[in-house]
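Accompanying notes for the structure given below.
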Amino acid sequence: MSDSIASSTIAAIATAVVPQQGSVGIVRVSGNEAIAIAHHLFYAPGKQAWESHRILYGYIRHPQTQQLVDEALLLIMQAPRSYTREDVVEFHCHGGIMAVQQVLQLCLAEGAKLAQPGEFTLRAFLNGRLDLTQAESIADLVGARSPQAAQTALAGIQGKLAHPIRQLRTKCLDVLAEIEARIDFEEDLPPLDETLVRAELAQIEVEVSKILATAHQGELLRTGLKVAIVGRPNVGKSSLLNAWSRSDRAIVTDLPGTTRDVVESQLVVGGIPIQVLDTAGIRATEDRVEKMGVARSLSSAQAADLVLLTIDAAAGWTQADEEIYLQVKHRPLILVTNKIDLAAVETVNYPAEISQVVTTAAACDRGIDALEQAILAKVRSGKVDSANLDLAINQRQAAALIRAQTCLEQVREAIEQQLPLDFWTIDLRGAIQALGEITGEEVTESVLDRIFSQFCIGK
Ligand SMILES: Nc1nc2c(c(=O)[nH]1)N(C=O)[C@@H](CNc1ccc(C(=O)N[C@@H](CCC(=O)O)C(=O)O)cc1)CN2
Ligand SMILES: Nc1nc2c(ncn2[C@@H]2O[C@H](COP(=O)(O)OP(=O)(O)OP(=O)(O)O)[C@@H](O)[C@H]2O)c(=O)[nH]1
Ligand SMILES: [Mg+2]
């Protein structure tokens with residue numbers, strides 16, 4: 001990926017290309033040829049200055065035939081004052097797909113290469129405009145599914161994770177220098193202050209643990225939860241989805257077997273993005289289509305982070321409920337006793353081992369708050385702390401921090417066992433390496449490829 005950096009100019013559509021058309025679409029070009037390409041394609045009538053950080057008004061024309069492709073705006077950002085720190089131009093075209101696609105084709109015909117996913121941000125990273133945690137936060141912001149997730153991503157873009165990690169790495173480097181000096185020039189220096197080294201390393205370990213503790217929140221904010229509503233037919237699963245999402249997302253009838261396929265809805269509960277899956281009622285059936293739906297219900301239950309096993313309060317705990325329960329009981333589970341308007345709570349029997357039970361009347365919009373509270377209680381250990389959205393590390397960062405932690409523990413052991421100084425420095429270097437991987441100061445090309453290939457094209 002990176003050997004082409006200096007030489008090539010890249011182009012891509014920076015805005016979404018989706019059926020719901022935006023009113024403006026942007027084609028972004030970055031690299032040495034960007035401004036020359038703009039001169040070939042863009043005609044700015046009158047006396048408009050082709051200066052950096054200016055918007056020009058005009059027309060995009062086919063350079064050979066002069067045929068008009070769009071009426072557009074052009075933004076020029078000269079290196080290094082641009083997102084990539086290279087020359088960047090943006091064609092702000094009409095939305096939809098035709099204008100942007102034709103303009104992109106013209107840029108490619110002018111010699112630009114189609115950008116890989118994340119390649120603009122990769123260049124920003126390689127050119128030192130942002131570090132790896134900031135780049136990851138940009139992808140997080142684009143993919144955020146709750147305001148809280150967006151908030152955390154913005155904090156990351158501003159360096160709220162990069163800063164403490166870099167500080168910790170610097171502290172490790174300082175301690176390493178102290179130790180190495182004793183290895184190299186033992187006789188010229190006062191002896192190593194072992195107590196001080198231990199205290200400094202212990203302090204670093206505490207900080208690493210603190211940051212590591214934000215991983216669960218990061219997981220909740222980024223990935224969210226997948227919640228599957230399962231149960232026998234007609235208990236009110238689809239009604240529950242509709243009441244919860246305040247929509248008519250799923251078809252509801254009094255006929256058992258109404259839902260045939262998995263119906264999805266996206267919600268946010270306490271800052272956590274939740275994907276709710278309403279599934280087909282589970283029962284033995286000869287109907288081929290319904291059978292497939294039932295298979296999908298069961299696999300949704302297995303794939304979900306949380307199962308809402310829904311029963312009909314008026315019917316009580318039936319044999320059919322028991323059979324479904326046996327198939328999902330190994331999953332994190334909440335029992336939803338629906339249609340409570342038709343029965344008294346005390347009359348419903350269910351296995352004593354089910355610890356979380358919520359009563360609802362989906363058809364009358366009752367019990368939804370209680371359901372949300374029960375879900376939050378289930379993930380309470382990592383409930384989104386809305387007062388502290390500045391730091392929430394991702395899995396890659398957590399893995400590197402755990403490596404750093406292990407190395408630091410080994411340094412501590414080496415000191416305790418009075419091993420030679422060389423043994424201390426080996427593991428201290430390991431910790432420094434792991435911290436450097438988080439910010440990207442020490443990172444391999446394959447790690448970069450993995451991170452940036454997860455971006456969308458044009459980012
Ligand atoms: N049209 C448009 N909107 C956009 C972007 C873009 O690239 N184009 N962005 C893209 O993601 C985001 C804004 N982020 C940006 C971040 C830095 C720079 C930039 O030029 N930074 C330079 C120079 C700053 C200056 O002039 O002082 C730098 O930091 O070196 C531009 C956009 C969101 N909106
Ligand atoms: N009284 C009462 N009726 C409800 C309640 N929730 C759902 N119903 C009714 O129960 C019937 C079945 O509701 P659905 O939501 O379609 O049930 P389902 O579990 O999705 O059924 P399948 O898709 O067939 O598995 C409908 O007539 C709903 O109006 C409730 O809380 N109280
Ligand atoms: Mg249904």
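Atoms considered below: every heavy atom in the structure, side chains included; atoms not considered: hydrogens, waters and symmetry mates. In listed order, ligands and their atoms are each counted from 1.
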Check the angle between the aromatic planes of [X] and [Y] and answer parallel, tilted or perpendicular using the 30° and 60° thresholds.
X    : Y    : answer
F455 : F452 : parallel
Y43  : Y59  : parallel
Y325 : W317 : perpendicular

Taking E207 first and then K171, would you say they form a salt bridge - that is, a charged N and a carboxylate O separated by under 4.0 Å? no
Any salt bridge between R232 and E323, counting N to O under 4.0 Å? no
Closest protein heavy atom to [atom], given as residue, atom name and distance to 0.1 Å:
atom                    : result
atom 22 (C) of ligand 1 : S82 O, 3.4 Å
atom 16 (O) of ligand 2 : T253 O, 3.4 Å
atom 15 (O) of ligand 2 : S239 OG, 2.6 Å
atom 8 (N) of ligand 1  : E90 OE2, 2.5 Å
atom 16 (C) of ligand 1 : R129 NH2, 3.6 Å
atom 11 (O) of ligand 1 : K459 NZ, 2.9 Å

### Task
Return yes when at least one protein heavy atom is under 4.0 Å from atom 4 (C) of ligand 1, and no when none is.
no
Exercise. With a distance cut-off below 6.0 Å to the six-membered ring centre and an angular limit of 45° from the axis, does R61 pair with F42 as a cation-pi contact?
Worked result: no
Honestly, for T259 the part within reach of ligand 2 (heavy atoms, under 4.0 Å) is both
With heavy atoms and a 4.0 Å threshold, my read on which part of N338 contacts ligand 2 is side chain
Atoms of ligand 1 under 4.0 Å from any heavy atom of P80, numbered from 1 in the order shown, are 30 (O)
Judged by heavy atoms only, the candidate from N242, V230, D341, L241 nearest atom 1 (N) of ligand 2 is D341
